[in-house]
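This one's a predicted model, so the numbers in the text were calculated from it and none came from an experiment. Side chains are part of it too, since the values below use all heavy atoms of this structure and drop only hydrogens, waters and symmetry mates.
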Amino acid sequence: MDEELAWETLDAETAYACPGFDVVREDVRFPDGTEGAFDYVQHGESVIVLPFTADGDVVVIEEWRQPVRRINYGLPAGTMEDEDDDPTVAAARELREETGYEADTFDHLYTGEPANGNTDYVFHYYVARGCEAAADQNLDHNESIRVDTADFDSLVQSVRDGTLRDSRSAVGIMYYALFER
């Protein structure tokens, strides 16, 4: 049955490259034998961390997001780097870099493809427990991040009322509220 739906890739090239992602153009053959072009954003894998302190609060961030021209409220997250041999390693690194917090444990929550119709993006969600402030932030040149803590129930409410609009964070919060509590 998979063969009935699968497209055959005839050729591929990077149509546009920039720091953070590429746009790939592929020549494909559809199941009915016709041929066409398909473009998609090649981004790879990222991690999103739901970090709980020993007191049960969640470490959250506020970060400027240029495409939407506003401050984004949500969870620490970031792209896996070449040296990250495991998403858990990337989750620990991103938590430390963006917030200065370190965790006692990391547990995988969920892996999803947020927009697999136009990107190869994969999100790996983790819950981190026993988080404590351990260092200063180590931000990338293009990151402007403020760190705070919040009560988990207030985060759930912020998803419900639409004040937390970052869908990466919302999925992690809702997944935890639905399956892990």
[X] and [Y]: same hydrophobic cluster, using ILVMFWY side-chain contacts below 4.5 Å?
X: Leu75; Y: Phe106; answer: no
X: Tyr73; Y: Ile145; answer: no
X: Ile61; Y: Leu139; answer: yes
X: Ile48; Y: Leu155; answer: yes
X: Val159; Y: Val68; answer: no

(message) One thing to verify: whether Arg96 and Glu94 come together as a salt bridge, which I'm taking to mean a side-chain N less than 4.0 angstrom from a carboxylate O.
(response) no
(request) Report, as yes or no, whether the 6.0 Å neighbourhood of atom CG on Asp32 holds more than 12 heavy atoms from other residues, nucleotides or ligands. (result) yes
Between [Y] and [X], is there a side-chain heavy-atom distance shorter than 4.5 Å?
X: Tyr40; Y: Glu26; value: yes
X: Glu102; Y: Glu132; value: no
X: Val147; Y: Val59; value: yes
X: Glu143; Y: Glu97; value: no
X: Asn118; Y: Val41; value: no
X: Tyr110; Y: His124; value: no
X: Val127; Y: Phe52; value: yes

For the backbone of [Y] and the side chain of [X], can you confirm whether one donor and one acceptor N or O come within less than 3.5 Å of each other?
X: Asp120; Y: His43; result: yes
X: Asp84; Y: Pro87; result: no
X: Asp22; Y: Val24; result: no

Indicate the atoms forming the closest heavy-atom contact of [X] with [Y], along with that distance.
X: Gly172; Y: Leu50; answer: O-CD2, 4.2 Å
X: Phe123; Y: Arg168; answer: CE1-CG, 3.1 Å
X: Asp166; Y: Ser169; answer: OD2-OG, 2.7 Å
X: Glu35; Y: Phe30; answer: C-CE1, 3.9 Å
X: Ala37; Y: Arg25; answer: CB-NE, 4.4 Å
X: Pro76; Y: Thr99; answer: CG-CG2, 3.7 Å

(request) Measure centre to centre between the rings of Tyr121 and Phe21, then say whether the value is under 6.0 Å. (result)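 Aromatic pair excluded; centres sit 6.0 Å or further apart.
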(message) Do Thr88 and Tyr126 pair up side chain to side chain, a donor and an acceptor below 3.5 Å, judged on atom types alone?
(response)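 Yes - a donor-acceptor pair under 3.5 Å links their side chains.
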(request) Might you work through the salt bridge (charged side-chain N to carboxylate O under 4.0 Å, His left out) test for Arg146 and Glu63, ending with a clear yes or no? (result) CA-CA 7 Å; Arg146 183 171 40 232; Glu63 180 175 14; over 6 Å; no
(request) Give the C-alpha distance, both sets of side-chain angles, the deciding distance and a yes or no for salt bridge (charged side-chain N to carboxylate O under 4.0 Å, His left out) between Arg129 and Asp104. (result) CA-CA 6 Å; Arg129 292 187 174 86; Asp104 290 337; over 6 Å; no
